[in-house]
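As structure tokens, the structure follows; a few thoughts come after it.
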Amino acid sequence: MASSPTTDGLTESVAKRKGSPCQQDDDCQDDKRIRSGADLPEDIFWYIHSLMPLRDAARAACVSHSFLRSWRCYPYLMFSEELLRLQESAFSDDERTRNLISKVNHILQNHSGIGVKKLELVFLDSTDVDFSYIDSWLHKAVTRGIEELTLVLPINSNAEYSFPCSLLSDGNGNSIQYLHLSRCAIRPTADLGCLRTLTTLHLYSVRITGFELEYLLSNSPALEWLIMADCKEIVQLKIPSLLKRLHTLFVSRCQMLKVVESYAPNIATFHFWGHVHAVRMLGLLQVKDLEMSCSDQSSILCYALTNLLSNAPNVQKLGISSQTQIRDIYIPLGHMGHPWTLGDSEQLRQMPGHRHDSLKKFEVVGSCYAKSLVELTCHILETTSSLDRIKLDTCDYVGLCASGSGRCYPHYTEQIMEACNSVLAIRTYIMGKVPPTVKFELVEPCSRCPVQ
């Protein structure tokens with residue numbers, strides 16, 4: 001992570017210097033000479049300069065003609081309130097936003113626009129950003145040779161800004177490897193061009209339809225990582241077969257999503273957060289690392305028991321959790337199941353027919369005293385010969401133990417009681433079925449947890 005960039009005085013000093021960094025300047029013979037007097041080629045100066053954090057690079061440009069020339073071709077431009085040290089400012093939110101825009105604008109106006117490899121524009125906490133500045137900065141810095149592009153707009157922007165896909169045409173997109181867009185819209189059309197080197201695509205709170213996303217993916221044949229979160233316009237996620245390098249797929253909180261349909265042959269890792277019972281999932285045959293999370297534990301356990309494992313027969317690592325989301329932070333739930341007495345064992349459902357002889361690790365986080373948990377775990381034990389490890393965490397979601405306080409949080413009493421009941425059910429119906437070759441881990445409330 002680069003250090004914070006320059007202050008206004010520093011950038012103004014740099015801005016007063018004239019001359020292109022990418023052309024010969026015959027007026028200054030010392031442009032190729034370090035202050036010590038040693039001669040170095042210009043490209044060596046540029047390489048040394050590129051290794052410096054942005055703040056140090058700007059300072060060097062103020063004291064050296066040679067570094068001034070390379071400053072205007074500096075390749076790594078990363079801007080945020082944190083990097084510009086505006087978060088702890090005594091100014092108001094609006095004033096900090098204006099300062100941020102002023103600094104970024106000043107630096108980019110004095111950059112040649114040539115040689116940029118990485119551009120980060122992160123305005124997460126800004127109150128209002130004029131989109132015309134965003135357009136201007138992107139058109140200045142997104143040129144041939146760029147490899148990484150991150151654009152994170154303010155929380156209150158409502159994804160109103162539309163990313164200009166034309167920037168990635170005419171060869172500008174031929175070199176890009178990492179693209180992260182947050183809180184904007186992207187409407188890829190025929191002028192997008194082929195993103196032949198793109199390996200990672202991260203879309204967060206982005207307005208894009210399933211058809212538009214499929215078009216974008218079809219123009220990204222080298223894609224390896226696809227990460228999507230809170231993309232509300234997607235109803236059907238279709239992964240085309242040409243994505244032969246795609247190995248990791250993360251999908252989180254896409255509220256309108258109904259179908260995940262993959263034709264990519266080599267997806268090995270699939271993590272899904274959302275309403276699993278409402279989504280039809282196809283094409284998971286090659287998945288080895290599967291993680292599912294849902295706010296309703298009874299639903300996710302039933303889904304895993306009846307559908308999930310039959311659709312992913314080669315899974316080796318299976319993780320199931322029940323969580324809810326508040327402001328991008330996952331906070332586990334408390335009550336997640338219906339009461340069940342130990343005398344109900346004869347009512348356990350049997351799920352014959354599906355074996356899972358590739359599964360090596362099975363983990364449930366935030367488990368409760370629900371019959372579906374016992375049913376699913378027993379099913380795994382009865383149909384899996386390759387299992388190495390089982391972990392049942394009955395209290396991770398409680399955030400139980402207050403380290404050093406001598407007592408756990410009393411307002412989690414109901415959840416702790418459910419965890420204790422879950423432990424009793426696990427000991428009664430599950431532990432006796434675990435083979436000696438399988439490492440079994442049961443996480444239960446500690447001795448300090450109040451139970452009444």
Side-chain angles (χ1 to χ4, degrees), residues 76-80 97 100-101 104-105 108 111 113 116-223 225-235 237 250-254 256 328:
Y76 306 113
L77 302 175
M78 294 169 284
F79 305 107
S80 68
T97 298
L100 175 62
I101 292 174
V104 175
N105 201 46
L108 287 179
H111 196 282
V116 177
K117 293 186 178 298
K118 181 175 183 178
L119 175 66
E120 287 186 6
L121 299 171
V122 180
F123 304 116
L124 181 63
D125 298 321
S126 301
T127 55
D128 187 23
V129 177
D130 189 333
F131 293 154
S132 64
Y133 284 109
I134 302 294
D135 268 334
S136 173
W137 298 335
L138 290 175
H139 280 86
K140 181 68 174 289
V142 179
T143 56
R144 294 184 181 226
I146 191 165
E147 297 175 355
E148 299 183 27
L149 174 59
T150 297
L151 175 62
V152 178
L153 294 183
I155 295 175
N156 65 352
S157 64
N158 297 318
E160 294 178 359
Y161 176 76
S162 185
F163 179 82
C165 291
S166 58
L167 279 178
L168 302 177
S169 61
D170 298 328
N172 288 350
N174 288 345
S175 58
I176 194 163
Q177 301 172 18
Y178 177 91
L179 179 61
H180 179 176
L181 301 178
S182 179
R183 298 187 179 89
C184 67
I186 179 169
R187 307 297 186 188
T189 56
D191 63 351
L192 174 66
C194 181
L195 308 179
R196 63 187 183 190
T197 61
L198 183 66
T199 59
T200 301
L201 177 62
H202 187 168
L203 304 176
Y204 180 80
S205 290
V206 169
R207 291 168 54 200
I208 185 173
T209 66
F211 178 78
E212 291 167 335
L213 178 60
E214 184 180 355
Y215 184 83
L216 177 59
L217 297 178
S218 297
N219 284 273
S220 309
L223 198 66
W225 294 75
L226 175 58
I227 304 166
M228 300 171 46
D230 199 27
C231 296
K232 295 182 175 64
E233 293 186 4
I234 294 180
V235 177
L237 171 59
F250 291 168
V251 180
S252 175
R253 307 189 312 279
C254 295
M256 299 300 293
D328 301 338

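The first residue of the sequence shown is numbered 1, and numbering continues consecutively from there.
One distance of note links CG of L138 with CG of L149; it measures 6.5 Å at 0.5 Å rounding. To the nearest 0.5 Å, the span separating CD on E120 from CZ on F79 amounts to 10.0 Å. Once rounded to the nearest 0.5 Å, the distance linking CG of L237 with CD of E214 reads 9.5 Å. In this structure, CZ on R183 lies 8.5 Å from CG on L153, to the nearest 0.5 angstrom. Interatomic distance, CG of N105 versus OG of S136, reported as 6.5 Å (0.5 Å rounding). The distance from the CG atom of L124 to the OG atom of S182 is 7.5 Å, given to the nearest 0.5 Å.
A 4.5 Å side-chain heavy-atom check between F123 and L100 finds at least one atom pair inside the cut-off. Residues N174 and R196 are in side-chain contact: their nearest non-hydrogen atoms beyond the backbone lie under 4.5 Å apart. In this structure, the side chains of M228 and C254 come closer than 4.5 Å at one or more pairs of heavy atoms. The closest side-chain heavy-atom distance from I208 to Y215 is not below 4.5 Å. No side-chain heavy atom of I234 sits less than 4.5 Å from a side-chain heavy atom of T209. The closest side-chain heavy-atom distance from L201 to L216 is below 4.5 Å. Between K232 and R207 there is no side-chain heavy-atom pair separated by less than 4.5 Å. Side chains of L121 and L119 form a contact here, defined as non-hydrogen atoms less than 4.5 Å apart.
Closest approach of V142 and N172 over heavy atoms only: O-ND2, 3.5 Å. Contact record, A159 with S205: CB-O, 4.0 Å, taken as the closest heavy-atom pair. The two atoms that bring L167 and H139 nearest to each other are CD2-CD2, 3.5 Å, heavy atoms only. Of all non-hydrogen atoms in R253 and A229, the two that sit nearest each other are NH2-CB, 4.5 Å. Closest of all the heavy-atom pairs between T200 and L198 is O-CD1, 3.4 Å.
Evaluated for a side-chain contact (heavy atoms from CB on, under 4.5 Å) with L151, the options V122, I186, L181 yield exactly one hit, L181. A side-chain contact (heavy atoms from CB on, under 4.5 Å) with Y178 is found for exactly one of K118, E147, E148, namely E148.
For Y133, the ring-ring contact (aromatic ring centres under 6.0 Å, His included) partners two or more places apart in sequence, or in a different chain, are W137. Every ring-ring contact (aromatic ring centres under 6.0 Å, His included) that Y161 has, sequence neighbours left out, goes to F131.
For the pair N219 (side chain) and L195 (backbone), a donor-acceptor distance under 3.5 Å is absent. The backbone N or O of R144 sits nowhere less than 3.5 Å from a side-chain atom of S175 that would complete a donor-acceptor pair.
Annotation: K117, atom NZ; neighbour count of heavy atoms from other residues, nucleotides and ligands within 6.0 Å does not exceed 12.
Using a 3.5 Å distance cut-off with no hydrogens or angles, the side chains of S157 and E160 do not pair a donor with an acceptor.
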